Amino acid sequence: MAWQWFYRLGSPRWFYEKTNRWIPWLATVTALLLITGAVWALGFAPADAKQGNSYRIIYIHVPASFLALAGYYVMAIAGAIGLIWKMKLADMVMKSAAPIGAALTFMALVTGAVWGKPTWGAWWVWDARITSMLVLFFLYLGVIALQGAYQHQATADKASAILALVGTVNIPIIYKSVDWWYTLHQPATLKLTSASSIHPSMLYPLLLMIVGFYCFYALALMFYTRAEIVQRERRTAWVNELVGAAK
Amino acid sequence: MDSPSMSAAIRALLRRDLLLAYRHRGEIANPLVFFMIVITMLPLGISPESAVLGSLAPGMIWVVALLATLLSLDSLFRSDFDDGSLEQILISPHPLYFIVLVKVFVHWLVTGLPLALLSPLLGVMLFLPEAGFTPLFLSLLMGTGVLSLIGAIGAALTVALRKGGLLLSLIIMPLYVPVLIFGASVVRSAIEGFPIAGELAVLGALLAVSIVLAPMAAAGALRISVNG
Amino acid sequence: MDSPSMSAAIRALLRRDLLLAYRHRGEIANPLVFFMIVITMLPLGISPESAVLGSLAPGMIWVVALLATLLSLDSLFRSDFDDGSLEQILISPHPLYFIVLVKVFVHWLVTGLPLALLSPLLGVMLFLPEAGFTPLFLSLLMGTGVLSLIGAIGAALTVALRKGGLLLSLIIMPLYVPVLIFGASVVRSAIEGFPIAGELAVLGALLAVSIVLAPMAAAGALRISVNG
Amino acid sequence: MTSSPVNTTLLELKQLTCERDQRCLFTGLQMSLEGGDIVQIVGPNGSGKTSLIRLLTTMSSDYQGDILWQGQSLVDSRLDYLNHLLYLGHLPAVKKALSARENLAWFSGMSQGHTQLDLDKALAEVGLEGFENVPCYSLSAGQLRRVALARLHLTPARVWVLDEPFTAIDVQGVKRLERLLAEHAAGGGLVVITTHQTLNIPGIKPLNLLDFQADEQYYENAEGWHNG
Amino acid sequence: MTSSPVNTTLLELKQLTCERDQRCLFTGLQMSLEGGDIVQIVGPNGSGKTSLIRLLTTMSSDYQGDILWQGQSLVDSRLDYLNHLLYLGHLPAVKKALSARENLAWFSGMSQGHTQLDLDKALAEVGLEGFENVPCYSLSAGQLRRVALARLHLTPARVWVLDEPFTAIDVQGVKRLERLLAEHAAGGGLVVITTHQTLNIPGIKPLNLLDFQADEQYYENAEGWHNG
Ligand code: HEM
Ligand SMILES: Nc1ncnc2c1ncn2[C@@H]1O[C@H](COP(=O)(O)OP(=O)(O)OP(=O)(O)O)[C@@H](O)[C@H]1O
Ligand SMILES: Nc1ncnc2c1ncn2[C@@H]1O[C@H](COP(=O)(O)OP(=O)(O)OP(=O)(O)O)[C@@H](O)[C@H]1O
Ligand SMILES: [Mg+2]
Ligand SMILES: [Mg+2]
């Protein structure tokens with residue numbers, strides 16, 4: 001009995017119907033958070049003493065960076081559940097998490113680059129954090145490519161789950177080694193200053209944006225997963241009814 | 001009986017190969033990604049300093065473009081050989097020259113061209129001086145064509161062998177030397193402010209010669225491979 | 001009926017794979033030759049000056065060793081898959097872990113080990129300072145083992161796909177980052193006169209971890225590939 | 001071979017259902033396979049014979065229902081079962097670079113060692129006398145399959161699962177093989193075989209997959225847990 | 001199909017001798033193949049059937065003697081001959097990533113265009129109705145071969161050379177194919193076929209390769225032709 005909820009969670013249909021009811025709420029919350037955060041950040045937060053207004057890009061850059069990493073773990077955990085408990089829904093979540101995570105990583109890279117130009121005078125530097133972000137991006141691409149390469153969906157799911165898990169073991173090692181590599185080289189001229197030194201009037205909108213991004217991530221994951229469900233279960237009676245009803 | 005139309009045959013082959021490339025589109029991105037990854041590895045292995053990287057950039061990008069092409073060459077005729085399509089192509093009454101040309105063209109379209117298009121991004125990452133961007137793009141555009149054409153000869157020679165990948169490299173690498181030298185020096189000259197028209201013309205000439213000769217050599221090599 | 005002896009099975013596999021490597025000995029030389037050719041291309045593409053080359057040497061040799069390993073990985077399980085041997089291996093009652101380990105060992109024996117043995121020659125060609133020679137050898141010896149082991153995961157994941165070569169690179173390259181960083185920095189530290197025991201120990205730890213985990217992941221991946 | 005009583009139930013298929021690409025191949029497949037049986041799986045192209053064989057060899061576990069080995073579900077008794085299984089598939093699992101004898105030595109090592117004399121005798125049995133040392137790439141299609149078939153003369157396995165073993169085999173060869181199968185069954189063994197040829201073995205039991213097709217292609221309930 | 005008078009000599013084999021690995025497969029092979037003939041090449045495994053077929057399809061030119069196409073040596077009339085030839089080999093030449101229809105479209109484009117209706121009709125003829133759009137990797141062994149066989153329903157070629165076309169084809173399929181071959185011959189076509197199955201076609205002409213063996217197998221010891 002205690003496992004009942006877990007079983008139900010494994011049912012795509014249950015998920016589809018539940019999220020039907022969650023999505024409006026979540027969408028409202030997300031929109032509120034992001035709009036408030038953005039207006040506050042762009043309109044009311046004070047300009048930075050050294051960087052002027054260009055610093056405002058952190059309100060996208062920092063949340064995107066956070067979620068890029070968190071997204072990888074979501075993907076890997078979903079993959080592990082799919083492998084161990086053979087839960088179809090987990091496979092779908094994993095498949096959906098990959099492009100979202102890659103997009104966020106890409107966003108972090110691009111916003112970072114755009115910020116770098118005024119701040120450092122270069123689009124790109126080989127800083128430890130930046131480099132490991134790039135490697136993370138490649139890890140995502142690997143999972144996506146592997147998903148696409150297999151024609152048989154169940155095989156694709158299992159193979160990319162293994163890759164995602166191997167990646168999880170490696171991510172800490174990669175981060176550590178890149179960090180170590182960077183300190184070894186000590187270019188010293190450029191550094192990402194630590195977030196803790198930020199002024200509260202700048203921090204609150206940032207926190208809003210971060211929470212908003214988390215909600216947005218959950219929302220995107222739901223949408224992707226739902227699309228995946230409809231796609232994979234298109235031959236089942238309930239999806240056919242659904243489509244029939246929509247027509 | 002009418003003899004079958006050659007242009008129809010070539011269109012059929014072109015359509016099939018493009019369709020295959022589309023079906024395997026996940027793999028098309030691969031040379032690009034490989035390119036990006038190696039470019040990422042270099043700073044890790046060597047040094048992240050912009051001065052060092054900037055001076056290495058022209059040669060490095062060219063060496064990597066060359067490797068990416070090389071890596072994708074093995075599959076040029078391999079899958080056709082494995083499933084018997086190559087036999088069918090060889091006993092079709094159409095001139096093998098054009099058939100090889102079509103296959104090489106598709107190969108360039110899905111590897112060389114994207115590499116050239118991607119080159120500005122790589123230039124940024126490796127701190128290539130601004131003057132080098134257009135020359136890099138132009139030299140890659142022409143140079144990768146030569147690489148694909150010459151590579152086809154090696155691919156044809158090794159198609160009948162299992163594990164041809166590395167043997168192929170061995171055969172083809174020396175032939176790539178002129179392309180590498182001129183390609184990299186176009187970029188370097190441009191950075192240093194010298195005129196580059198002459199070197200680009202050499203690349204163009206290499207391209208013209210290989211369009212004429214390479215498919216012929218590859219066609220002969222294919223016949224030998226299948227015969228053996 | 002007695003269940004068949006595992007050690008006998010492993011010996012049979014080892015003997016077969018070594019015999020195959022010997023039959024294909026022409027191809028064994030290939031990673032080496034590839035290695036040599038790239039190393040000769042670099043001066044052509046970049047700069048022939050000994051000071052420049054010497055400073056690049058540690059990173060460069062390591063990047064190329066990595067590429068050479070990568071290139072040879074595709075065939076690790078591929079031919080067994082193509083001719084049905086892999087099916088037979090999978091339904092043999094022996095633990096797949098050891099079978100993968102044997103295959104990786106043979107792979108290292110015919111690619112990684114020769115690369116390490118060849119490294120002094122390359123050091124000379126690229127004007128590597130003298131203090132770097134032994135660390136280069138040692139780091140390659142251990143590091144290529146890790147490369148082969150991690151690579152086996154990628155090879156297993158892509159074995160069922162045609163044209164796996166570049167996809168394999170994409171999957172594996174990011175995982176190679178730590179090996180590259182530590183491998184290259186062992187050499188650089190040694191040249192600059194710092195102690196290298198710590199960094200070598202890290203490489204050793206990476207090796208130990210991957211001996212335990214990588215064959216397991218590869219074994220799982222193989223089952224999935226063949227099942228699909 | 002350890003001889004065992006005929007007519008003990010070895011394998012039991014219980015309400016087996018197999019789908020591929022959402023198409024139900026067979027459902028409610030119920031049969032018990034006993035020592036002494038020769039079961040020919042019958043059905044037109046695409047009816048699911050190979051799919052069933054992949055279940056019986058544990059290469060795929062994508063089914064509903066159960067398969068029992070000596071009364072125990074295959075999930076639990078897999079290892080013990082594999083000790084008693086010999087499988088020959090569409091692919092011959094023969095390495096072309098090795099000779100027939102070397103190939104056979106590996107097979108025998110994977111199950112149970114044999115002397116070289118045994119191996120040569122087995123090769124002679126399948127009509128490859130004089131070809132023991134020839135590398136397999138210069139064998140004809142039929143000869144290549146005969147190398148794989150030679151395993152039948154060496155194996156102590158009790159359950160033989162053969163997927164179209166007669167492919168490319170000539171008339172004489174087919175006759176010999178039929179005799180061999182009959183002998184194995186007489187000794188208490190079980191043979192599961194697919195072939196489109198009519199076999200000339202008395203007492204052969206057909207298993208017609210058309211008898212177990214789904215009445216209607218139903219997909220009511222594909223949701224829930226994915227059996228992987 | 002342009003119908004032509006039956007009983008004109010199409011191909012003539014003149015004193016054909018073929019060796020492989022210094023072993024004489026057949027010698028003094030003399031036969032004339034006429035429109036309306038169905039010739040079955042007969043012989044045990046390894047007797048040289050496929051080798052002969054490779055000569056007849058011009059894929060190999062490693063023979064003594066002569067082959068005449070409509071009275072002219074193949075060396076001179078090769079192109080014209082290829083216009084009239086259709087060959088199906090051991091390998092199906094089917095791309096697994098493409099659907100049956102897409103595969104057939106390529107075949108038809110290489111010889112003579114057809115409308116999609118024609119293609120679908122040909123696929124229906126070989127029992128692949130409903131599978132036109134399924135990618136070929138999810139077809140069974142027999143279905144895959146049927147995709148290749150569908151070409152027989154489209155081709156205008158007069159000479160059909162088929163190497164074991166019945167591999168993996170079920171009983172119904174074999175019957176249909178037999179009928180098709182008979183029709184083609186009745187329309188003035190020539191069929192050359194190898195198979196180990198007994199065909200049920202009236203008037204089929206056997207060509208037994210054992211009749212053309214060298215008098216003595218002059219290779220006392222097999223050591224002589226060990227090396228390939
Ligand atoms: C792990 C990934 C990353 C995280 C967690 C991250 C996080 C942050 C944070 C918290 C800040 C604000 C620090 C401050 O208050 O100044 C920041 C600043 C910055 N980030 Fe990132 N970032 C990441 C990746 C990147 C990437 C990939 C780029 C460039 C392509 C980049 C470029 C920048 C720049 C230019 C700044 C401003 C630096 C400065 O103020 O000196 N970051 N990042
Ligand atoms: N690639 C090759 N290199 C060298 N010798 C070969 C090669 N292929 C075949 N042979 C030899 O030529 C002989 C004839 O082979 P071929 O394939 O023509 O036989 P076949 O009659 O088609 O046999 P099957 O019925 O088994 O298909 C074989 O005995 C083989 O030893
Ligand atoms: N890899 C695959 N992925 C998806 N579907 C497949 C795959 N292989 C086979 N199928 C489908 O399963 C069905 C049964 O295939 P299977 O290979 O079991 O047939 P078979 O009875 O062995 O046929 P044959 O006599 O042609 O060998 C086929 O219709 C095919 O469409
Ligand atoms: Mg089958
Ligand atoms: Mg043959």
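Just so you know, these numbers come straight off a predicted model, no measurement behind them. Per chain, numbering begins at 1; letters A, B, ... match sequence-line order.
With no hydrogens or angles considered, a side-chain donor-acceptor pair links W62(C) and S139(C) at under 3.5 Å. Defined by atom type and a distance below 3.5 Å, a donor-acceptor pair is present between the side-chain atoms of Y150(A) and S225(C).
L139(A) touches chain C through backbone and side chain together, each having a heavy atom under 4.5 Å away. With a 4.5 Å cut-off on non-hydrogen atoms, V178(A) touches chain C through its backbone and its side chain both. In this structure, no portion of I172(C) lies under 4.5 Å from any heavy atom of chain A. Only the side chain of I153(C) has a heavy atom closer than 4.5 Å to any heavy atom of chain A.
Ionic pairing of E228(A) and K95(A) is present here: one or more N-O contacts between side-chain nitrogen and carboxylate oxygen are shorter than 4.0 angstrom. One finds a salt bridge joining R232(A) and D157(A) here, because a Lys/Arg side-chain nitrogen approaches an Asp/Glu carboxylate oxygen to under 4.0 Å.
Within the 4.5 Å cutoff, the side chain of Y175(A) has no heavy atoms near those of the V135(A) side chain.
With chain C as partner, the option from L136(A), L141(A), I171(A), T155(A) having the largest number of non-hydrogen pairs under 4.5 angstrom is T155(A). Looking only at heavy-atom pairs under 4.5 Å with chain C, the residue among V166(A), L146(A), L83(A) that has the most is L146(A).
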